[in-house]
Trainee: 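Before anything else, here's the structure in question.
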Amino acid sequence: MRITNKIMQNNNLANINTNKLLQDKLSTQMSTEKKINRPSDDPVIAIRALRLRSNVTEVTQYYSRNIPDAESWLNVTEEAVKNLASIVTEMQKQCTKGSNGDIKTSDRLIVIEQLKALADEVYSTGDADYAGRYVFTGYRTDTSLSFPDATEKKYSITEQLNKDAIEQVSFITTKGADGTSDVMDMTVNNYMTIDVKQEDIQRLDVYRFHLAYGNCDETPAELSYGTAPYSTIPVTVVHDTDSPSPYEAAAAATGEQAIFVPETGELLLSKDAYETLMKTQDDPKTAGVNEGEIRITYEKTKWAKGDLRPEHYFYCTTDPGDPEKEFTYNKSYLEADKERQDIEYDVGFNQTIRVNSTADECFKHSIGREVEDLVNAMQDVVDTEKIVEDMKALLEKASEADKPDIQKKLDVAQTVLNEKKGKAQRMFEHGITLMQGHLDEANLSLTNIGTRTKKLELIENRMQSQKTTFEELQSENEDIDIAEVIINLSSAKLTYEAALMATGKVAQTSLLQYI
């Protein structure tokens with residue numbers, strides 16, 4: 001075919017443009033440090049880049065955000081449980097001191113003050129939070145574990161227990177046959193009016209449920225057991241200031257009866273009621289049904305600062321009977337499958353880890369309630385010791401004519417003191433075991449937290465390795481080899497300049513030069 005000058009010019013311009021495009025492409029790669037600038041440059045690299053970027057983003061989310069957040073949550077939880085273990089250990093030491101029946105009154109007062117202070121600190125520790133979220137309250141991270149201030153709010157609370165929750169307690173009678181004279185009211189001025197004899201001093205052993213709360217409403221508690229239709233035991237309200245006392249009423253009760261003491265939050269059982277409830281037990285053959293469950297429902301309106309919120313522990317209803325305000329918490333608790341409020345973080349590909357511990361695992365009501373019993377028992381001893389000391393001082397100063405009467409009263413007071421010392425000693429000895437149980441629960445919770453933390457560390461190491469791998473693959477897929485691109489760019493520049501020179505020489509030659 002005939003090659004004209006126009007064809008040669010077009011070809012030269014096309015080659016120059018091709019070289020210029022290559023130079024532009026290489027220059028763009030140098031400035032962006034990327035192999036492609038748009039998907040059409042290389043669809044294979046583009047598709048692979050999208051996948052690798054997605055992997056890098058996901059791993060970065062796990063490694064840089066989720067895992068550190070989970071670590072922080074676990075660290076806050078661990079520190080709180082460690083504090084709890086430390087507090088319970090100190091309580092156990094105070095129980096050891098209190099179990100010594102020969103300690104002085106001043107030492108008893110120190111034990112009382114120490115136990116009160118430690119009990120207040122237990123539940124304050126349970127209000128630990130991470131970034132404004134309470135760590136022991138399950139899904140209700142915006143609600144504190146305990147009431148921050150004294151509050152009046154009516155709750156109907158249902159505790160789900162079993163026969164293991166029944167305990168035997170002792171009560172020392174200090175009143176005379178007339179029901180009005182009380183050794184604990186004796187002073188140096190009125191001892192002659194106190195008509196209490198040695199035979200009036202007795203130790204009564206009764207059985208009780210120690211409910212989670214004291215200072216309850218006077219509405220009688222409801223006691224039921226078994227399965228639907230539930231069997232019930234009639235409950236009578238007896239105040240701790242009544243005569244006879246609730247303990248005396250429970251000891252004298254016949255048939256299946258229960259005595260509810262709203263001030264102390266105790267449900268005392270007659271012997272027949274105790275024997276009936278001790279026969280209850282769960283049948284392992286009937287899955288989903290707990291034949292051994294005992295339910296106690298009661299109401300409480302007045303809450304002191306530091307009281308644990310019942311919605312974190314029990315099936316309960318606020319403002320019962322008011323259709324506008326009534327709200328029920330934890331409906332699933334009355335069913336066989338109790339919902340566990342576990343908070344889990346995504347910390348890896350198809351991997352989650354639980355970061356929270358719930359209050360019912362370690363911050364239990366029984367810690368504070370047991371301390372209340374110990375404090376009350378020790379305070380009874382201190383109060384009785386004062387009466388005995390006052391009567392001894394009076395005896396030393398009395399005339400010979402008055403000494404026989406004073407001695408009789410002193411003997412009665414000494415008998416009460418001996419009984420109460422014995423009761424307090426037994427309670428503190430048992431308190432050592434109880435506190436060890438709470439310490440074991442705290443240590444178990446710490447172990448579980450430590451296990452989850454160790455697992456999280458392993459996942460973090462793997463995520464770090466995966467993050468490095470995916471970033472390297474992403475770089476190999478998208479990033480240029482700078483040295484190679486510099487060489488290719490220099491070559492493209494030389495080629496471009498050569499093309500310009502060749503085109504210039506060809507353009508100077510034409511047919512007119514040969515005519």
Side-chain angles (χ1 to χ4, degrees), residues 94-116 168-206 238-252 261 263-264 372-431:
Q94 297 301 321
C95 288
T96 302
K97 292 180 182 178
S99 63
N100 181 359
D102 297 327
I103 59 175
K104 299 177 181 179
T105 301
S106 58
D107 294 328
R108 296 184 193 277
L109 290 172
I110 292 174
V111 170
I112 290 172
E113 292 304 316
Q114 287 289 331
L115 286 176
K116 286 181 178 179
Q168 186 178 25
V169 292
S170 298
F171 175 76
I172 311 301
T173 61
T174 59
K175 291 186 178 181
D178 59 3
T180 58
S181 295
D182 193 333
V183 174
M184 300 308 295
D185 296 331
M186 185 186 299
T187 66
V188 294
N189 297 319
N190 70 353
Y191 71 93
M192 291 299 294
T193 64
I194 303 299
D195 185 17
V196 183
K197 300 179 176 59
Q198 288 282 1
E199 56 268 24
D200 294 328
I201 309 304
Q202 299 179 19
R203 189 182 84 181
L204 301 178
D205 292 326
V206 297
V238 179
H239 298 282
D240 61 351
T241 55
D242 291 348
S243 183
S245 69
Y247 287 89
E248 292 172 303
V261 190
E263 292 83 3
T264 60
E372 284 180 17
D373 276 352
L374 295 173
V375 168
N376 291 337
M378 187 64 81
Q379 188 63 54
D380 280 347
V381 174
V382 171
D383 294 341
T384 310
E385 281 180 332
K386 185 178 185 307
I387 294 173
V388 170
E389 291 301 319
D390 289 345
M391 294 304 295
K392 285 182 178 180
L394 180 63
L395 182 62
E396 292 179 359
K397 300 177 182 178
S399 63
E400 292 298 326
D402 293 334
K403 283 186 177 181
D405 290 333
I406 297 175
Q407 185 63 53
K408 288 181 181 180
K409 306 300 182 183
L410 176 58
D411 292 341
V412 172
Q414 187 64 53
T415 301
V416 173
L417 178 59
N418 292 339
E419 288 288 346
K420 290 196 172 185
K421 276 187 176 181
K423 173 186 174 180
Q425 186 172 0
R426 290 189 299 272
M427 290 182 65
F428 274 85
E429 288 173 351
H430 185 51

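These numbers come from a predicted model, not from an experiment.
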Trainee: Which heavy atom of L394 sits nearest a heavy atom of V188, and at what distance?
Mentor: CD2-O, 4.0 Å
Trainee: Atom NZ of K104 and atom CD1 of I110: how far apart are they, to the nearest 0.5 Å?
Mentor: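 Between atom NZ of K104 and atom CD1 of I110 there are 10.5 Å.
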Trainee: Quick one: do E248 and K175 make a salt bridge, cutoff under 4.0 Å?
Mentor: no
Trainee: Rounded at 0.5 Å granularity, tell me how far OG1 in T187 sits from CE in M391.
Mentor: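 It is 8.5 Å, given to the nearest 0.5 Å.
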Trainee: Is the shortest distance from a Lys or Arg side-chain nitrogen in K197 or D195 to a carboxylate oxygen in the other one below 4.0 Å?
Mentor: yes
Trainee: So how far is it from K392 NZ to Q414 CD, rounded to the nearest 0.5 Å?
Mentor: 5.0 Å
Trainee: Is the backbone N or O of S99 less than 3.5 Å from a side-chain atom of Q425, with the two atoms forming a donor-acceptor pair by type?
Mentor: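 Present.
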Trainee: Work out which heavy atom in T193 is nearest to a heavy atom in S181; give both atom names and the distance.
Mentor: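 For T193 and S181, the tightest heavy-atom pair comes out as O-OG, 3.6 Å.
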Trainee: Is the backbone of D185 close enough, under 3.5 Å, to the side chain of N190 for a donor and an acceptor to pair up by distance?
Mentor: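 At least one qualifying donor-acceptor pair exists.
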Trainee: Any side-chain to backbone donor/acceptor pair from T173 onto Q202? Under 3.5 Å, distance only.
Mentor: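 Yes; judged by distance alone, with no hydrogens or angles, the pair exists.
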Trainee: For S399, which residues count as a side chain to side chain donor-acceptor pair (under 3.5 Å) partner, sequence neighbours excluded?
Mentor: D402
Trainee: For the NZ atom of K421 and the CG atom of N100, what is their distance to the nearest 0.5 Å?
Mentor: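 Rounded to the nearest 0.5 Å, the NZ-CG separation comes to 10.0 Å.
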Trainee: Could you tell me whether K408 atom NZ has more than 12 heavy atoms of other residues or ligands within 6.0 Å of it?
Mentor: no
Trainee: Please lay out, stage by stage, how D383 and Q379 fare under the test side-chain hydrogen bond (donor to acceptor under 3.5 Å, both in side chains).
Mentor: CA-CA 6 Å; D383 294 341; Q379 188 63 54; 3.0 Å; yes
Trainee: Kindly give the heavy-atom pair with the smallest separation between M427 and L374, and that separation in Å.
Mentor: O-CD2, 3.5 Å
Trainee: What pair of heavy atoms forms the shortest contact from T105 to E385, and how long is it?
Mentor: OG1-OE1, 2.6 Å
Trainee: Looking at every heavy atom in both V238 and P244, which two are closest together, and how far apart are they?
Mentor: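 V238 and P244 have their closest heavy atoms at CG1-O, 4.2 Å.
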Trainee: Apply salt bridge (Lys or Arg N to Asp or Glu O under 4.0 Å) to E396 and list each qualifying residue two or more places apart in sequence or on a separate chain.
Mentor: none
Trainee: Please report the interatomic distance CD(Q407) to CG(L395), rounded to the nearest 0.5 Å.
Mentor: 5.5 Å
Trainee: Check the pair Y191, I406 against side chain to side chain contact (heavy atoms under 4.5 Å, CB included), reporting the backbone distance first and the verdict last.
Mentor: CA-CA 8 Å; Y191 71 93; I406 297 175; 3.5 Å; yes
Trainee: Between A251 and L204, which heavy-atom pair has the shortest distance, and what is it?
Mentor: CB-CD1, 4.3 Å
Trainee: Taking atom types as modelled, is there a side-chain donor on D178 or T180 under 3.5 Å from an acceptor on the other?
Mentor: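 Side-chain D/A pair, D178 to T180: present.
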Trainee: Are the side chain of K423 and the backbone N or O of S170 linked by a donor-acceptor pair below 3.5 Å?
Mentor: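 At least one qualifying donor-acceptor pair exists.
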Trainee: Below 4.5 Å, heavy atoms only, C-beta onward: do D182 and V196 meet side chain to side chain?
Mentor: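 Side-chain contact under 4.5 Å: no.
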Trainee: Is any side-chain heavy atom of K420 closer than 4.5 Å to one of M184?
Mentor: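 Side chain of M184 against side chain of K420, heavy atoms only: contact under 4.5 Å found.
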Trainee: Please determine if E389 and K386 form a salt bridge, counting it only when a charged side-chain N lies under 4.0 Å from a carboxylate O.
Mentor: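 No, this pair does not count.
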Trainee: Under 3.5 Å, is there a donor-acceptor pair between the side chain of Q198 and the main chain of D411?
Mentor: yes
Trainee: Go through it in stages, so that I can follow the logic: the residues are V381 and L417, the test is side chain to side chain contact (heavy atoms under 4.5 Å, CB included), and I'd like the CA-CA distance, side-chain angles, deciding distance and then a yes or no.
Mentor: CA-CA 6 Å; V381 174; L417 178 59; 4.1 Å; yes
Trainee: Between V261 and Y247, does a side chain to side chain contact (heavy atoms under 4.5 Å, CB included) hold up when you go through it step by step?
Mentor: CA-CA 9 Å; V261 190; Y247 287 89; over 6 Å; no
Trainee: Between CE of M378 and CG of D380, what distance do you get to the nearest 0.5 Å?
Mentor: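 These two atoms lie 10.5 Å from each other.
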